[in-house]
**Student:** 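Shown below is the structure under consideration.
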Amino acid sequence: MSGLIAATVYWARILRQPIDARLKRRHVGGFLIFAVAFVLLALWAGQQTGALDGFFWGEFLGVTAVYLFSWSLVLATRLRALEPVFGGLDRMYRWHRSTAVVGFFMLVPHVVLTMTPRGQSASRLGDALGVLSLFGLSALVVVSLSQVAKLIRLRYEPWLLIHRTTGLLVMAAVVHGALVDPMLRSSLLLQVTYLSIGGLGVLAYLYKELAARLTDQPSAYTVQRVERPTADRLDVTLAAAGTPLKVRSGQFLFFNFQETSQGTHQGAQAAQWHPFSVAGVGDDGSLRLSIKALGDYTQMLYERLGVGEKAGVSGPYGMFDITLGGTRQLWIAGGSGVAPFMGWLRQPGALGGRRIDFYYSVRTPAEALYLDEIQAVAAREPGLRVHLIVTSIQGHLTAQQLQRQSGGPLGKAHVFLCGPAQMVESLTRDLRALRVPADQIHSEQFAFR
C-alpha cells in the first residue's frame, strides 16, 4: 500500500509540472524498473507459505539480481525506441551501469542467506553455473568501473570484448536459479515470471550480438570537406552515399572512419565507433562535425582524415532538442560542446522568437572559432544575446553569474549544457541549488563505457 501511495504522489508531481510532455515521458523507464521490482516482491511474498525469513530474502535477492542484469542487457541494445522513456542514450547507459552494479551488490547477500539446509541443491550443474555467474559477473562489474579501468590501464577494445560475455553469464545465472531454487519448483506462476524476466535479458543479448549485427547496417557517407582551423580542431563535412539519415540538429551519431583507422600502425582502432554531435545538417542531408583532438582516436583523425574517405554512420541518437525548452532559454557551451548549438543556429528559423542567453566558454580567445558566425546570427535575431567567457582571464562560469547576467531568478528558464563533464556536473549541481527544476536542465554526456 505504501508503495502504491508513493507511486501516486510521484506521478502526480510529474504530471502537474508545466513542461513538455516529452520531458514527463522520460521518467517512465526508471519508474518501470522500480515498479516491476515491487511487483516481483509481491508475487514472491504471496507464494510464500511460511514466514519471510532470511532464506526467502536470499532467494528473492537472487531473482532481483537476475531481473536487474536483464534490464542491463536490454538497455545495452541501444534501441532508439527506449530513448524517449529514459531521456536519451546517455541516461540509458547510466541505467545500464546502475542496474548491473546494484544487481552485483545483491549477489553476496544472496549467497550468504541461502547457505542453509534449505538451500542445499541436488543439481551439481546448477551449483556450478551459480559459481560461474557469481565470479564472472563480479569481475565484469569491477572492470567496468571507470576508476578500475584506469588503474589497470584497460584499453577500450579488450574491455569491449570482455564486456560482450555479460549475456553468457546472465544465461548461466538464469539456468542456475531455475535448477536450484526450491520456491520456483513449487510454483508455476513464479517459474513463468522468473523465466520471462531472465529470458528477456537473454533475448536482448542475442539480438545485440546476432540479429542487430546483420540487420542494423550503418549508413555509408563520404568525407566531402576537411578543414583544420586550429592546431587541435577539425571541421568535417560528410555527404551521404545513398539516402541521408534523418537527423535533427542537436542529435549525435556514431561514426567509424574506416580507412583512417585501418591506416594506423596499431590497427586496433579499426572497429572503433565514436559519438560526435552534429554541428549542422545541410539541405542535401550532409552532416557537419566539429571535432577536437582530445584523445588518441580524435588526434588520429586530426592528423590523417582526408577528403574522399568512407565512413560508416549509425544513429541518430539524443534528446538534446531546442523544442523541449520554453521561450526563455540559457545555452552554455564549453569548448567543442558548441557543436549542437551551431547546428541550431545554422537551422533557419530554429530560434522561433525565443529569448536566449548564449554563453560560449573557451580557455583562450583563439579557441572561440565560431564567434563571428554566432554574432552574425545574434545581429539578426534580437532574442539572442551572446556572452563570451574566456576562462583564462575571467575564470570559470558559475550559476550565480548566470543568474546575475540573465536578469533575475532562473526558475522558469530552460538551461542547455554541453561541454566537459566537470563543467556540466558543476553547473548542474549549482543550478539545482538555485531551484532550477531538474527537468529544465538539459545535457548529454558521451560516457558509453
Side-chain angles (χ1 to χ4, degrees), residues 156 218-241 244-245 247 249-282 284-318 320 333-347 360-374 388 391 418-421 423 444-448:
Y156 177 78
S219 298
Y221 276 72
T222 303
V223 176
Q224 192 176 56
R225 182 182 60 85
V226 177
E227 294 182 1
R228 294 173 173 84
T230 70
D232 63 353
R233 188 65 63 89
L234 182 68
D235 275 5
V236 184
T237 301
L238 300 100
L245 291 169
V247 185
S249 294
Q251 289 187 300
F252 65 91
L253 303 107
F254 287 87
F255 293 81
N256 182 4
F257 295 94
Q258 297 136 345
E259 294 174 16
T260 292
S261 299
Q262 292 168 355
T264 64
H265 65 281
Q266 294 178 344
Q269 306 274 11
Q272 185 172 138
W273 289 82
H274 200 291
F276 293 111
S277 290
V278 176
V281 181
D284 58 353
S286 60
L287 305 174
R288 186 170 176 181
L289 307 179
S290 178
I291 301 171
K292 187 170 184 178
L294 292 172
D296 293 342
Y297 186 72
T298 50
Q299 182 64 40
M300 178 193 65
L301 291 180
Y302 181 88
E303 295 172 355
R304 299 173 180 268
L305 190 65
V307 172
E309 178 163 334
K310 307 300 181 184
V313 183
S314 176
Y317 295 97
F320 201 68
S336 58
V338 73
F341 300 109
M342 295 308 302
W344 293 342
L345 294 175
R346 289 166 177 159
Q347 182 179 344
Y360 187 8
S361 177
V362 293
R363 190 173 58 85
T364 65
E367 295 181 1
L369 297 182
Y370 306 108
L371 185 59
D372 290 343
E373 186 177 352
I374 294 169
L388 179 65
T391 58
C418 189
M423 181 200 81
E444 289 182 323
Q445 299 179 26
F446 298 156
F448 301 130

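Fair warning: this is a prediction, and the values are worked out from it, not measured in the lab. What you see below is based on every heavy atom in this structure, not just the backbone, and it leaves out hydrogens, waters and symmetry mates.
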**Student:** Applying side-chain contact (heavy atoms from CB on, under 4.5 Å), run through Y317 and F254 and close with a yes or a no.
**Tutor:** CA-CA 9 Å; Y317 295 97; F254 287 87; 3.7 Å; yes
**Student:** Ignoring hydrogens and geometry, is there a side-chain-to-backbone donor-acceptor pair from S249 to G343 under 3.5 Å?
**Tutor:** yes
**Student:** Search all heavy atoms of F257 against all heavy atoms of L289 and return the closest pair with its distance.
**Tutor:** CZ-CD1, 4.2 Å
**Student:** For E309 and L305, indicate whether the former's side chain and the latter's backbone hold a donor-acceptor pair under 3.5 Å.
**Tutor:** no
**Student:** For L287 and F276, run side-chain contact (heavy atoms from CB on, under 4.5 Å): C-alpha distance rounded to whole Å, both residues' side-chain angles, the deciding distance at 0.1 Å, then the answer.
**Tutor:** CA-CA 11 Å; L287 305 174; F276 293 111; over 6 Å; no
**Student:** Given side chains that start at C-beta, do those of H274 and T298 come closer than 4.5 Å, heavy atoms only?
**Tutor:** yes
**Student:** On a heavy-atom basis, which atom in R288 and which in D235 lie closest, and how many Å separate them?
**Tutor:** NH2-OD2, 3.6 Å
**Student:** What closest approach, in Å, do V307 and Q224 show between heavy atoms, and which atom pair accounts for it?
**Tutor:** CG1-O, 3.8 Å
**Student:** Using the rule given for side-chain contact (heavy atoms from CB on, under 4.5 Å), can you reason through R346 versus E373, listing the C-alpha separation, both sets of side-chain angles and the distance that settles it, and then say yes or no?
**Tutor:** CA-CA 9 Å; R346 289 166 177 159; E373 186 177 352; 2.8 Å; yes
**Student:** List the steps, then state whether side-chain contact (heavy atoms from CB on, under 4.5 Å) holds for V281 with Q347.
**Tutor:** CA-CA 8 Å; V281 181; Q347 182 179 344; over 6 Å; no
**Student:** Do the non-hydrogen side-chain atoms of S277 and F320 ever get within less than 4.5 Å of each other?
**Tutor:** no
**Student:** Take F255 and Y221, measure what ring-ring contact (aromatic ring centres under 6.0 Å, His included) needs, and give me the verdict at the end.
**Tutor:** CA-CA 10 Å; F255 293 81; Y221 276 72; 7.5 Å; no
**Student:** Got V313 and P218 here, is their nearest side-chain heavy-atom distance under 4.5 Å?
**Tutor:** no
**Student:** Sequence neighbours left out, what passes side chain to side chain contact (heavy atoms under 4.5 Å, CB included) with A366? Give chain and number order.
**Tutor:** T364
**Student:** How far does CG of L234 sit from CD of Q299, to the nearest 0.5 angstrom?
**Tutor:** 10.0 Å
**Student:** Examine distances only and state if a side-chain atom of R228 and a backbone atom of Y302 form a donor-acceptor pair shorter than 3.5 Å.
**Tutor:** yes
**Student:** Looking at every heavy atom in both V236 and I291, which two are closest together, and how far apart are they?
**Tutor:** CG2-CD1, 4.3 Å
**Student:** Can you see which heavy atom on C418 is nearest to which on P340, and at what distance?
**Tutor:** SG-CG, 3.8 Å
**Student:** Can you name the closest pair of heavy atoms from Y360 and L388 and give their distance?
**Tutor:** O-CD1, 3.4 Å
**Student:** Is any side-chain heavy atom of T391 closer than 4.5 Å to a side-chain heavy atom of S361?
**Tutor:** yes
